[in-house]
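A quick write-up on the structure given underneath.
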2 protein chains.
Amino acid sequence: MAAGPGEKHTAAQAASGRLVREFGQLLRATTRLEQRINAALREECGISHVMFEVLIRLCRDPAEQVSQRTLAEDLVLTSGGITRLVDRMEEAGTVRRRPSPSDRRVTLVEATPKGERTLLAAARVHAGILERYVTGPLTGEEYRGFTTALDRINTALRTGPA
Amino acid sequence: MAAGPGEKHTAAQAASGRLVREFGQLLRATTRLEQRINAALREECGISHVMFEVLIRLCRDPAEQVSQRTLAEDLVLTSGGITRLVDRMEEAGTVRRRPSPSDRRVTLVEATPKGERTLLAAARVHAGILERYVTGPLTGEEYRGFTTALDRINTALRTGPA
DNA sequence: AGTCAGCAATTGACGATTCAGTGATTTTCC
DNA sequence: GGAAAATCACTGAATCGTCAATTGCTGACT
């Protein structure tokens with residue numbers, strides 16, 4: 001068998017590994033956080049969390065023209081998913097579609113005034129929750145380490161496509 | 001108006017805040033990671049990532065009796081979601097339902113031998129991806145800081161239910 | 001010019017999850 | 001000991017996403 005030192009032979013061993021446990025922590029933390037934010041935003045601002053992320057992306061640079069494809073990549077959604085998400089947001093009046101003047105295949109998306117107002121209100125709610133559950137419990141240094149770690153993981157994920 | 005120093009007045013300001021951007025990083029990192037793991041596990045082991053998490057939980061302590069409710073809480077799913085997930089896993093033969101001897105409302109779930117074998121294979125795939133995208137890009141110290149930060153966030157989320 | 005490969009958005013079919021409500025059982029409390 | 005409240009699993013309906021196929025458009029190559 002020539003098992004290396006890290007080999008797991010029983011299910012119990014495999015289920016107790018450090019990496020497994022710690023990745024579980026990552027997943028749980030983010031899903032719980034997202035659930036809280038989602039619930040709060042729905043209740044207080046009438047939008048879902050993913051809609052909030054769309055508005056963030058659209059308003060980040062008001063001069064930028066954002067296509068649905070860009071939106072899909074930045075939010076980690078498929079193009080079909082974006083089509084339907086923008087449908088719902090357009091219906092809600094927070095966002096508007098506009099054909100691209102330079103390429104008739106692409107449709108651009110922009111926030112409406114109502115969308116901008118909603119974003120402003122939602123940002124406050126969002127910040128409140130994050131301060132309570134993320135920046136609050138962490139020291140400044142811990143938080144800084146946390147975000148640089150995330151940064152590295154994200155680049156590794158984007159640059160290592162295989 | 002008496003706006004504080006951190007007040008955001010325009011949508012562009014609100015969309016460019018540090019917290020907002022950094023929380024976005026967290027979300028993207030985890031969704032991309034989960035997508036990769038999910039794809040790899042489906043392809044190489046025939047299970048989804050959430051099924052993997054179920055097996056992990058069930059095999060962690062072979063002596064423990066795990067109810068569907070416990071499973072739901074630990075995986076951050078609703079009871080309805082767990083019912084259907086266990087349905088699919090039972091059908092696939094990785095898991096078995098058993099009525100609790102002490103409380104006729106609860107049904108216990110345990111991994112079958114096939115489930116344990118699957119877990120062993122899946123754990124290898126899982127570890128490979130994590131090493132590549134998480135522990136690889138980070139130094140030991142960074143990684144340690146990362147996990148303690150997650151730990152704090154999780155306790156804050158669990159203990160602060162309001 | 002003409003074709004052809006490739007990309008953007010959309011859509012139908014499907015999958016997985018939530019929500020809200022139900023029935024069966026247990027626990028609590030008078 | 002018995003009524004009321006809580007808890008567990010399950011279900012139908014709805015939500016939100018994916019996947020795969022389709023359409024319209026662009027750009028590159030001949």
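Residue numbers begin at 1 in each chain, while the letters A, B, ... track the order of the sequences.
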Which whole-number value in Å describes the distance from [X] [atom1] to [N] [atom2]?
X         : N       : atom1 : atom2 : value
Leu108(B) : dC8(D)  : CG    : C1'   : 12 Å
Asp103(A) : dG27(D) : CG    : C1'   : 10 Å
Arg105(B) : dC8(D)  : CZ    : P     : 6 Å

(message) So that I can tick it off, tell me whether Arg57(A) and Glu53(A) are bridged by a salt bridge, with the cut-off set at under 4.0 angstrom between side-chain N and carboxylate O.
(response)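 Salt bridge absent between Glu53(A) and Arg57(A).
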(request) Using a 4.0 Å heavy-atom cut-off across all strands, classify Thr107(B) as base, sugar-phosphate, or nothing. (result)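 The residue Thr107(B) makes sugar-phosphate contact but no base contact.
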(request) With a 4.0 angstrom cut-off to heavy atoms of chain A, pull out the first and last contacting nucleotide of DNA chain C, in 5'-to-3' order. (result)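 Going 5' to 3' along DNA chain C, contacts run dG6(C) to dA13(C).
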(message) Using the side-chain contact (heavy atoms from CB on, under 4.5 Å) definition, which of the options Val109(B), Asp87(B), Asp74(B), Leu71(B) pairs with Ile82(B)?
(response)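 Answer to the side-chain contact (heavy atoms from CB on, under 4.5 Å) test with Ile82(B) among Val109(B), Asp87(B), Asp74(B), Leu71(B): Leu71(B).
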(request) Enter the distance from Glu22(A):CD to Thr147(B):OG1 here, rounded to the nearest 0.5 Å. (result)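 OG1 of Thr147(B) is found 5.0 Å from CD of Glu22(A).
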(request) Hey, could you give me the CZ/CD1 distance between Phe23(B) and Ile129(A), rounded to the nearest 0.5 Å? (result)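 Rounded to the nearest 0.5 Å, the CZ-CD1 separation comes out at 9.0 Å.
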(request) Please determine, by modelled atom types, if Gln13(A) and His9(A) share a side-chain donor-acceptor pair under 3.5 angstrom. (result)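 Gln13(A) vs His9(A): no donor-acceptor pair found between side chains.
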(request) Fit a plane to each ring of His126(A) and Phe52(A), take the angle between them on a 0 to 90° scale, and name the class: parallel (under 30°), tilted (30 to 60°) or perpendicular (over 60°). (result)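 Tilted, since the angle between the ring planes falls between 30° and 60°.
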(message) Strictly below 4.0 Å: does Arg104(A) bring a side-chain N or O up to OP1 or OP2 of dG24(D)?
(response)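 No, because none of the side-chain N or O atoms of Arg104(A) sits under 4.0 Å from OP1 or OP2 of dG24(D).
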Distances for protein N or O near nucleotides 15-21 of chain D N or O, under 3.5 Å:
unit_1  : atom_1 : unit_2   : atom_2 : d
dC16(D) : OP1    : Arg42(A) : NH2    : 3.1
dG17(D) : OP2    : Arg88(A) : NH2    : 2.4
dT18(D) : OP1    : Thr78(A) : N      : 3.3
dT18(D) : OP2    : Thr78(A) : N      : 3.3
dT18(D) : OP2    : Thr78(A) : OG1    : 2.6
dT18(D) : O4     : Arg84(A) : NH1    : 2.7

(message) Does any part of the side chain of Gln68(A), heavy atoms only, come nearer than 4.5 Å to the side chain of Thr83(A), both counted from C-beta?
(response)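 Thr83(A) vs Gln68(A): side chains touch.
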(request) Check whether any side-chain heavy atom of Leu85(B) lies under 4.5 Å from a side-chain heavy atom of Met51(B), and answer yes or no. (result)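 When only atoms from C-beta onward are counted, Met51(B) and Leu85(B) do touch, with a gap below 4.5 Å.
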